[in-house]
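See structure below.
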2 protein chains.
Amino acid sequence: MTTPTLTRQPRTSYHHGNLEHALIAAATAMIRENGVEHVSLRAVAAQVGVSPSAAYHYFPDKDALISGVGEALFDQLADRQEEAIAALTSRGAVAARARFRALGESYFEWGRSETNLFRLMFGVFCSLDPGEVEQKRLESRAWVILHNCLDDLAATGAMDPALRPYGEILSWSVVHGATSLIVEGHLPEAAFASILDGLELSLGIANGKANGNSK
Amino acid sequence: MTTPTLTRQPRTSYHHGNLEHALIAAATAMIRENGVEHVSLRAVAAQVGVSPSAAYHYFPDKDALISGVGEALFDQLADRQEEAIAALTSRGAVAARARFRALGESYFEWGRSETNLFRLMFGVFCSLDPGEVEQKRLESRAWVILHNCLDDLAATGAMDPALRPYGEILSWSVVHGATSLIVEGHLPEAAFASILDGLELSLGIANGKANGNSK
DNA sequence: CTATTATCTATACATTGTTCAGATACAAAC
DNA sequence: GTTTGTATCTGAACAATGTATAGATAATAG
C-alpha cells in the first residue's frame with residue numbers, strides 16, 4: 001500500500017540475469033505485505049523492472065508464479081524451526097521436551113509474524129493433489145524434524161508409548177489448527193501457550209509446567 | 001465453469017423483493033462451485049438478474065458481499081453438527097463419547113464435502129478483529145455445543161479431569177487443523193480417523209477403540 | 001393524482017490477466 | 001569480426017473485472 005510502484009523500475013542490461021528468481025522474490029515481498037489477493041502480476045513485473053509479458057516466459061500464468069512462491073516458503077519455515085532448535089542449550093531427556101516446545105512455538109511464531117505468507121502456504125495455491133501427498137509429506141523437512149523429536153521423546157521415556165503412533169499427525173494438527181484459528185481471529189493469541197500446555201499434558205510429555213528452557 | 005451465465009437472468013418486477021438475500025444466496029452457490037477467488041461481482045449480479053451496480057446498495061464493496069456469505073456459513077456448520085448429534089441414539093456416559101466423536105466427524109465432513117465454503121469461512125474474508133474475538137467465540141453455536149459435550153464427558157467421569165480446562169481449545173485445534181491439512185492435501189484423507197482416535201486417547205476419553213456407535 | 005423516496009440501470013474508467021507479433025541482445029559459427 | 005541463430009524481453013491490444021456517477025423507474029405516502 002505504501003509503495004504503489006506501478007512505474008517500471010529501471011534496469012542496466014536488457015537481459016535481466018535471473019528473472020525467474022527475481023520475480024519470485026518480488027512476489028514474495030509483495031504478498032508478505034499486502035496479502036496474496038492484492039498482488040498483481042503487473043505490479044510484480046514493474047517492481048523487477050520488466051514488462052508484464054516477460055513473466056510468461058517462466059510461468060504459464062499468475063497462479064504458477066504464486067505457487068512458486070509458496071513452495072519456497074516451506075523451506076523458510078523449516079529454516080526457522082531448525083534455528084529455534086539450534087538455539088536450545090539443554091541436553092538429554094530435557095532436551096527433547098524443550099525441542100518439542102520450540103517446534104510448536106516457532107511454527108506459531110511464523111504464522112503470527114508472517115500471516116500473509118502463512119495463509120498462502122496452506123491455501124488453495126499450494127494445495128496438493130491426492131497422489132503426491134504421501135511422498136511430499138515424508139520428504140518435507142519440517143515433518144522429519146518433528147519425527148525425530150518424537151522419537152527422542154519416546155526413547156527417553158518422556159512420552160506415553162501408546163500415543164507415539166499418533167505423535168506426528170496429532171502434534172501437527174494441534175499446532176497448525178491453533179495457529180490458523182488464532183491468526184484468523186477465532187481464538188485469542190494468548191490461547192496458544194495453553195494449547196501447547198494441553199498438548200504436552202495429554203501426550204504425557206511434560207509433568208505440570210516444568211518445560212523448556214532449563215539447562 | 002459449467003454455467004458461465006454472464007447474460008442477465010430475466011426478472012418480472014423492477015424491484016427485486018429481497019435483493020440482499022438473493023445476492024448472498026447466489027454468491028454462496030458460486031463460491032461453493034468455483035471457489036471464492038473465481039467469483040465475480042458481475043457474475044453474481046447477472047445470476048440474480050440485476051445490474052452490477054445494484055449490489056452496491058447493500059454492500060459497500062465486493063469484499064463485504066463475500067464476508068456476508070461467510071457469516072451465514074458458520075450457522076450452516078452449526079446446523080450440521082446439531083443434526084449429527086440428533087441422529088445419535090446412545091444414552092448416558094456412552095452418549096457423551098459418541099457425541100464428541102460425531103462433532104469431530106461432522107466438522108471434518110463439512111470441510112471435505114464443502115471445501116470451497118470451508119476455505120472461505122477460515123480465510124481472510126472472515127478474519128475477525130482482535131477486539132471482537134472473545135465475544136464472538138463464546139456466542140458461537142458450535143463452541144457452545146462442544147462446551148456442553150465436554151461438560152458431559154467430565155461429569156460422567158469419562159475424561160481426565162486435569163485436561164478438562166484444555167478441552168475446547170485443544171479439541172477445536174486438533175479437528176480444525178486436521179481438516180485444514182487434509183483438505184489442502186498435506187495429509188491423506190484416511191488420517192482423520194487416526195487423529196480422532198489419538199485425540200480421544202490422549203484426552204483419556206475412549207479406552208482403546210471402543211467408541212461411538214454402540215447402543 | 002402528485003410528490004417523494006428507495007431501488008435499480010446505463011455508461012464510463014482504471015486496472016487486471018493474457019496473447020501475439022516483433023524488437024533486442026547475447027552466443028555460437030564461420 | 002561479421003553473420004546467423006536463439007533466448008529473452010517489449011508494445012500494443014483484448015476481454016473481463018471492481019467501482020463511481022448520473023439518471024431512470026417504480027413503489028409508497030400525502
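Chain letters run A, B, ... following the sequence lines, proteins first and then strands; every chain starts at 1. Bear in mind the structure is a predicted one, so any value in this text is a computation, not a measurement. Values below: every heavy atom of this structure, side chains too, minus hydrogens, waters and symmetry copies.
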Residues in salt bridge (charged side-chain N to carboxylate O under 4.0 Å, His left out) with [X], at least two apart?
| X | value |
| --- | --- |
| Asp63(B) | none |
| Arg164(A) | Asp151(A), Glu168(A) |
| Glu20(B) | none |
| Arg80(A) | none |

Quickly work out the [X] [atom1] to [N] [atom2] distance and round it to whole Å.
| X | N | atom1 | atom2 | result |
| --- | --- | --- | --- | --- |
| Leu23(B) | dT7(C) | CG | P | 13 Å |
| His38(A) | dT19(D) | NE2 | C1' | 14 Å |
| Glu37(B) | dT17(D) | CD | C1' | 15 Å |
| Leu19(A) | dT24(C) | CG | C1' | 15 Å |

By side chain to side chain contact (heavy atoms under 4.5 Å, CB included) - contacts of Leu77(A) (at least two apart):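 Side chain to side chain contact (heavy atoms under 4.5 Å, CB included) list for Leu77(A), sorted by chain: Gln81(A), Tyr107(A), Trp110(A), Met121(A).
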Taking only residues two or more places apart in sequence, or in another chain, which ones meet Glu189(A) in a side chain to side chain contact (heavy atoms under 4.5 Å, CB included)?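 Partners of Glu189(A) by the side chain to side chain contact (heavy atoms under 4.5 Å, CB included) criterion, ordered by chain and then number, come out as Phe108(A), Arg112(A), Ile182(A).
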Could you give the angle between the helix axes at the two ends of the helix from dC1(C)-dG30(D) to dC30(C)-dG1(D), with five pairs per end, rounded to 10 degrees?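 End axes: 0° apart.
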Atom pairs and distances, donor-acceptor, side-chain atoms in residues 51-62 of chain B, under 3.5 Å, two or more places apart:
unit_1   : atom_1 : unit_2   : atom_2 : d
Ser51(B) : OG     : Ser53(B) : N      : 3.2
Asp61(B) : OD1    : Ala64(B) : N      : 3.1
Lys62(B) : NZ     : Val39(B) : O      : 2.8

Which pair of non-hydrogen atoms, one from Pro130(A) and one from Val133(A), has the smallest distance, and what is that distance?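 Closest pair (atom of Pro130(A), atom of Val133(A), distance): O-CG2, 3.3 Å.
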Closest approach to the side chain of Leu41(A), judged atom by atom: which nucleotide of dT9(C), dG17(C), dT10(D) is it?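 Closest nucleotide among those given: dG17(C).
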Distances for protein N/O vs nucleotides 11-16 of chain D N/O pairs under 3.5 angstrom?
unit_1  : atom_1 : unit_2   : atom_2 : d
dG11(D) : O6     : Ser53(A) : OG     : 2.3

For Phe118(B), what residues pass the ring pair (Phe, Tyr, Trp, His ring centres under 6.0 Å) criterion, not counting sequence neighbours?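 Phe118(B): ring pair (Phe, Tyr, Trp, His ring centres under 6.0 Å) contacts with Phe122(B), His176(B).
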Residues in contact with DNA chain C, drawn from residues 55-72 of chain B - heavy-atom cutoff 4.0 Å: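 Nucleic-acid contacts, sorted: His57(B), Tyr58(B).
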Side-chain heavy atoms of Tyr166(B) within contact of Leu199(A), under 4.5 Å: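 They are not in side-chain contact.
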So which pairs with a foot in residues 134-154 of chain B pass ring pair (Phe, Tyr, Trp, His ring centres under 6.0 Å), sequence neighbours left out?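 Qualifying pairs, neighbours excluded: Trp143(B)-Trp172(B).
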